[in-house]
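Comments concern the structure below.
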Amino acid sequence: MSNGHEKEEDGFGKRLTSLHLWNAMLVGLLAFTGLLSFGSFWREVLGEARAWIKWLHIIVGLASIVPLISYLKLVARHWRHLKGRFWKRFNVIFIPLLLMSWLFSGVLLWQYNIVGPAVTNIALLVHDLLTWIGLPFLIYHSLTRLGRFQELQRYRSTKGREDGIHLTEFKTQPFYTRKAFIRSVIGAGVTISVGPALIKWIGNLWTGQALQSQNKVDANQLIPAPQPLADSAPPIGGGASDSFRSYSVTPLPIFNNENWSFTIDGLVEEPVTWNWEQFVALKRSVQVSDFHCVTGWSVYKNTWEGIPLKELLEKSRVKVQARVVKLYSGDGVYTDSLTLEQAEMDDIIIAVLHDGKPIPNDLGGPVRLIIPQMYAYKSVKWLNRIELIEENHIGYWGERGYEHDAWVKS
Ligand SMILES: Nc1nc2c(c(=O)[nH]1)N[C@H]1C(S)=C(S)[C@@H](COP(=O)(O)O)O[C@H]1N2
Ligand SMILES: [Mo]
């Protein structure tokens, strides 16, 4: 073997090693930010920070194109190197394919506004599936690879010596090299973020439950229970197609007859506050609609029963100066608003029942808003106050980078 050739081979090996390291770091960061922001366990703990972690996830995801493309330039050569080694060649195809599908489905989810719910529903399924298959696979892959890198290092450190190549010779290294430190940080990060979600996921598989929290008992205690209309039980929509992922930016509030009330005030001729007994006595109607979250999931054919927002506004006689309908959540944090014109859409409903049953507290019960033509972040959970105001009000997610007018692409 000529000296020049050897050098070239060494350079190739070094480039592969550094690409692997960069890629491992980015995937580690993606796993960390992805599972922190989208995993249900950390959602309630993180609250506010989740919005920023999500942006970090998107930026790192886009950055991961760089090592991917750099590797694709080397892939033919890598393939030739691995002649006769089936599983290594399998990795050469499988891992870039995995990373590209992850990236592509991620871009679709990021651009939900352009592609619409039908596409993001599939993209989310793919993205999740890749996570649960790909992540354990990549963790396994990098652990086996780590051994290889160490071997390579030992090989290099002994190569120049006269007594030749002794792969069995262990060169003692300082306990915390820079690489080892980075590795531990990544390892700890992945464990913290993946751990709870993975355990929960396995637990759910075990008990045969969906990822969502539908079969839990309702923590709210409001008496009397609202009696469903004939259209609700059985639901005219035939029953919702999927389950909700319970979202909250605060710990879940719990309500009973003492701490619950509903108010409409501000620029109205007749401000009113109802207690629960009065509120369940109000006339309700039933509608069927789809529910779309910007993170990619939807629940189709929901049968909601409640008070149309339009009727409530008419009853309280909105003053002429009023322009905006401000919506408050009983969690004390979440708000949003609609223009008066938007608020007069016929299908907006202040919902009390879903598919004929009281809305449980984790899904925003006893009373939540439903705005079928907009993304679900406008559908304020634990709705307990409507205020008519003159100036616009930007809501919780509007303040954090989402469109204030959240029309669903149809
Ligand atoms: N008070 C309150 N309302 C909220 C939210 C929230 O965190 N707090 N999340 C919104 C978002 S982003 C979605 S997708 C839906 C989720 O409803 P669900 O938890 O019943 O699935 O509620 C919306 N309303
Ligand atoms: Mo959402």
Side-chain angles (χ1 to χ4, degrees), residues 37-51 53-54 109-110 112-113 116-117 120-121 123-124 210-216 218-220 240-255 260 262 289-304 306 309 326-338 348-355 357-386 393-404 406-409:
S37 53
F38 304 120
S40 47
F41 179 87
W42 289 101
R43 193 178 298 281
E44 280 154 41
V45 184
L46 285 171
E48 176 97 22
R50 210 160 60 82
I53 291 172
K54 190 202 158 177
L109 287 169
W110 171 42
Y112 70 89
N113 229 339
T120 57
N121 291 168
L124 181 65
L211 263 167
Q212 296 74 26
S213 51
Q214 287 224 314
N215 300 330
K216 268 194 321 207
D218 184 6
N220 284 336
S241 71
D242 241 303
S243 28
F244 295 87
R245 303 190 180 196
S246 164
Y247 286 1
S248 178
V249 297
T250 61
L252 293 181
I254 297 172
F255 295 98
W260 191 89
F262 195 100
S289 60
D290 300 334
F291 184 97
H292 305 289
C293 173
V294 287
T295 59
W297 56 272
S298 302
V299 181
Y300 295 88
K301 293 186 294 171
N302 300 287
T303 302
W304 299 105
L309 177 60
K326 184 173 175 186
L327 310 156
Y328 292 82
S329 168
D331 65 13
V333 171
Y334 204 91
T335 60
D336 215 317
S337 81
L338 296 165
I348 301 179
I349 191 161
I350 301 167
V352 182
L353 296 120
H354 175 256
D355 284 348
K357 289 189 216 85
I359 300 169
N361 91 302
D362 59 332
L363 301 183
V367 174
R368 77 173 297 166
L369 193 65
I370 292 298
I371 310 173
Q373 296 177 57
M374 291 189 177
Y375 278 106
Y377 62 88
K378 302 292 279 193
S379 292
V380 175
K381 295 167 75 172
W382 309 293
L383 184 74
N384 69 355
R385 181 180 172 203
I386 294 172
H393 165 78
I394 305 294
Y396 186 91
W397 287 116
E399 289 246 292
R400 289 158 181 81
Y402 287 87
E403 295 284 320
H404 181 62
W407 300 108
V408 176
K409 184 193 144 112

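Note that ligands are numbered from 1 as they come in the structure, with each ligand's atoms numbered from 1 the same way. Owing to the predicted nature of the structure, the values given are computational and were not obtained by experimental measurement.
Under a 4.0 Å heavy-atom criterion, Lys378 is not in contact with ligand 1. Residue contacts with ligand 1 include Phe291, since one of its heavy atoms falls under 4.0 Å from the ligand. Residue contact annotation: Trp297 has a non-hydrogen atom under 4.0 Å from ligand 1.
Taking a cut-off of under 4.0 Å to the non-hydrogen atoms of Asp331, the atoms of ligand 1 that pass are 1 (N), 2 (C), 8 (N). Residue-ligand proximity, Ser246 to ligand 1, at heavy-atom distances under 4.0 Å covers atoms 19 (O). Listed by atom number, the atoms of ligand 1 under 4.0 Å from Trp382 heavy atoms are 1 (N), 2 (C), 8 (N). Set against the non-hydrogen atoms of Val249, the atoms of ligand 1 under 4.0 Å away are 7 (O). Of all atoms in ligand 1, numbered sequentially from 1 with element shown, those under 4.0 Å from a heavy atom of Ser329 are 1 (N). Atoms of ligand 1 lying under 4.0 Å from at least one heavy atom of Phe244, given by number and element, are 21 (O). When each atom of ligand 1 is checked for a heavy atom of Ser248 under 4.0 Å away, the hits are 7 (O). Within the listing of ligand 1, atoms 20 (O) sit less than 4.0 angstrom from a heavy atom of Leu363.
Judged by distance alone, with hydrogens and angles left aside, the side-chain atoms of Asn302 form no donor-acceptor pair with the main-chain N or O of Trp304 at under 3.5 Å. In this structure a side-chain-to-backbone donor-acceptor pair under 3.5 Å is present from Asn220 to Gly365. Between the side chain of Ser289 and the backbone N or O of Pro372 there is no donor-acceptor pair closer than 3.5 Å. Judged by distance alone, with hydrogens and angles left aside, the side-chain atoms of Thr335 form no donor-acceptor pair with the main-chain N or O of Leu327 at under 3.5 Å. The main-chain N or O of Leu363 is found under 3.5 Å from a side-chain atom of Arg368 such that the two form a donor-acceptor pair.
Between the CD1 atom in Ile370 and the CD1 atom in Ile350 there is a gap of 11.0 Å [rounded to 0.5 Å].
Ranking protein heavy atoms by distance to atom 14 (S) of ligand 1, first place goes to Cys293 SG, 3.3 Å. With respect to atom 3 (N) of ligand 1, the closest heavy atom belonging to the protein is Lys381 N, 3.0 Å. Closest to atom 21 (O) of ligand 1 among all protein heavy atoms lies Arg245 O, 2.7 Å. Ranking protein heavy atoms by distance to atom 22 (O) of ligand 1, first place goes to Arg368 NH2, 3.3 Å. Shortest contact from atom 24 (N) of ligand 1 to any protein heavy atom: Ser379 O, 2.9 Å. Of all protein heavy atoms, the one closest to atom 23 (C) of ligand 1 is Ala376 O, 3.2 Å. For atom 11 (C) of ligand 1, the closest heavy atom belonging to the protein is Tyr377 CA, 3.7 Å. The protein heavy-atom contact nearest to atom 10 (C) of ligand 1 is Tyr334 OH, 3.4 Å.
Side-chain N/O atoms of Tyr112 and Thr295 include no donor and acceptor closer than 3.5 Å. In this structure, a donor-acceptor pair under 3.5 Å is absent between the side chains of Tyr402 and Asn113.
Relative orientation of the Tyr377 and Tyr375 rings is parallel, given thresholds of 30° and 60° on the angle between their planes. Relative ring orientation between Phe244 and Phe291 is described as perpendicular, the plane-to-plane angle rising above 60° on a 0-90° scale split at 30° and 60°.
In this structure, Arg400 satisfies the cation-pi test against Tyr396, with its NZ or CZ atom closer than 6.0 Å to the six-membered ring centre and inside 45 degrees of the ring normal.
Counting non-hydrogen atoms of neighbouring residues, nucleotides and ligands closer than 6.0 angstrom, the CH2 atom of Trp110 reaches no more than 12 such neighbours.
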